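Working notes, beginning with the structure itself.
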Amino acid sequence: MGLLALRRYLPYLRPYVRYMVIFLLAQLGSLAAAASIPKVIQYIIDGPITHHDFGHLVRFAGLLALIAGLEFALILLRRYFSGVASLHMETDLRNDLYAHLQSLQVSFHDNWQSGQLLSRAIADIGTVRRFVSFGLIWFIQIIVTFVVVLVLMAQLDWQLGLVVVLCMIPIAIASHIFQDKYRVIARRLQDLTGDMTTVIEEMATGVRIIKAFGRMPLMQRRFEEQGRTIRETSLQGITARAELWSEINFLPNLSLLAVLLLGGLNVIEGRLTIGGLVAFMSYVFMLTWPMDALGWVLSMSEECKTASERLNEVFDSRPEIADRPQARPLEHSRGRLEFRDVGFRYPNSNDWILRGLNLVVEPHETVGLVGRTGSGKTSLAYLAPRLYDVSEGAVLLDGIDVREITLRSLRSHIGFAFEDPILFSASVHENLVMGRPIVSDEELKRAIEMAQAGFVWDLPWGLETRVGEQGYTLSGGQRQRLALARAVLGSPPVLVLDDPLSSVDVHTESVIEEALSRVLEGVTGLLVVHRPSTLALADRVVLLDEGRVAASGTHAELMRTNALYRALLSQEYEEALA
Ligand SMILES: Nc1ncnc2c1ncn2[C@@H]1O[C@H](COP(=O)(O)OP(=O)(O)OP(=O)(O)O)[C@@H](O)[C@H]1O
Ligand SMILES: [Mg+2]
């Protein structure tokens, strides 16, 4: 049941235990108030009413009003404190999920749709919160009400109490069947919501492509189809709940009938007072609400259970690329980058992308990486900052396996810019600095100048201009230059640049190249190159083919000796591709 699944998330309530205690006390208090009302009624009937004593009747009525007022106040208190505790829990849980997602390796995201993560972070955590703030209250309320009411009933007339208990047995069976059925439905519904979130997200990010290709009707159809599946699944859930609901509503009426008959007989034979019978009936009525709520609580608890299972799937994925216990920070790096017998395949596939690859980039040397598309250049670049780990062999920085260096230290020694320059919804300044503690204005200016990103000074608010999804829209070339400035900021001894100039015009390219050649002089550079002109930056060129280094030498040498290289970099080849 939901409570068990929640076990893992209950510690989140620990800091708010005082709220929970107040909530529980208020709940017990309100229950005691509610349970005392039938008792008072019994006294009124058997006392003042039977003895025609109006003065006492008014006094008892006043007492009833007082109890009702108290119950109201306690319910208010209970709601408030359970709300406070559950909202705090929700926030903490969400923060932890986000932190956990960030700690996971890149390959985790290769296997997960973003919508599935979004729906877990928003909807599933919300479901857990709702169960804690409502379901849990009701759950406790139902159990305590049953226990208290049954004890009070037994006190009045144990035989009648037994009859009521017997009438409950079918409810337990129906609930059990319902839970099994509803669990499957709830899980499906939550997964479907994740899929739908993905579709909406892809529509938002791919809106240009969708419009340019006139794919709106296709996307609409796909979306509507998903909507239909969600509706059908929800309907199954509603039907299951309705079935349970009607079953558990029928039974209290049945027990009422039995109580009326047997209780009436007891009154006739003098074993029970009329006041006692009325009180007993009031208790049976007191059980009606918990029965009603039972269906909701059971469905909520199943939803909570599946939601926490879905959350567990994320929480249980351990970060595979993390600091090893013996990992040390690297104090000062000379920047000797070595790939030794490297074999690599993506965690989600069996194909070797790189195999038996050996490559050394000496300090202050710049190696240009050339290879056909899909030959694994980007994958090789990923291995240096440990965005992925090698499957065989090792990547070494200054002769130390990168897995023996703390990630923080490793990544502070390597600057990178990738093919697709991602900017965040934040200011240009934040996008460049990316949270690095101290970056002087001088450094910032130098990096911007180096990347020929001077256009930022002309933006409406200069460095404070917001860019990214909700901000000022930059051109592809501008974004690439910002990404380049980000890479060289902080003067890391190793630079890994994946085709950093693919979107800039020929003029800008030559200006950046000039600036870059100055930067690259002092550092170790691994440069993925597509255009022959960028090769001027490289001291040495390496040709990647079939997962290994096929040839290495200067551009001129390779042009002379290697046919594949010639084909890749000759004009004809570029035209053939176009
Ligand atoms: N995340 C991933 N999961 C599984 N396979 C991948 C992943 N990324 C890339 N691949 C595969 O790895 C191979 C090498 O891809 P990679 O991006 O390294 O090539 P590349 O040399 O950079 O190509 P390009 O010149 O087009 O940029 C391709 O066959 C690609 O399908
Ligand atoms: Mg690539």
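Every value quoted in this text rests on a predicted model; they were computed, and no experiment measured them. Hydrogens, waters and symmetry mates are skipped; everything else that's a heavy atom, side chains included, is used. Each ligand, and each atom within it, is numbered from 1 in the order the structure gives.
- Every residue two or more places apart in sequence or in another chain was checked for a side-chain hydrogen bond (donor to acceptor under 3.5 Å, both in side chains) with Glu546, and none qualifies.
- Here Glu419 meets the criterion, with an N, O or S atom under 2.8 Å of the Mg ion (ligand 2).
- In terms of modelled atom types and a separation under 3.5 Å, the side chain of Ser409 and the main chain of Ile405 share no donor-acceptor contact.
- Annotation: side-chain hydrogen bond (donor to acceptor under 3.5 Å, both in side chains) contacts of Gln236 (sequence neighbours excluded): none.
- Annotation: ligand 1 has protein neighbours Asp110, Tyr346, Asn348, Ile353, Arg372, Thr373, Gly374, Ser375, Gly376, Lys377, Thr378, Ser379, Tyr388, Glu419, His530, each with a heavy atom less than 4.0 angstrom from the ligand.
- Between the Mg ion (ligand 2) and Ser379 there is no N/O/S contact shorter than 2.8 Å.
- Atom CD of Glu232 sits in a crowded spot, with more than 12 heavy atoms from other residues, nucleotides or ligands closer than 6.0 Å.
- The pair Glu313-Arg187 counts as a salt bridge, with a side-chain nitrogen and a carboxylate oxygen less than 4.0 angstrom apart.
- In this view, Asp180 and Arg183 satisfy the salt bridge (charged side-chain N to carboxylate O under 4.0 Å, His left out) rule, not counting sequence neighbours.
- Under the 30°/60° scheme for interplanar angles, the aromatic rings of Tyr388 and Phe344 are found to stand perpendicular.
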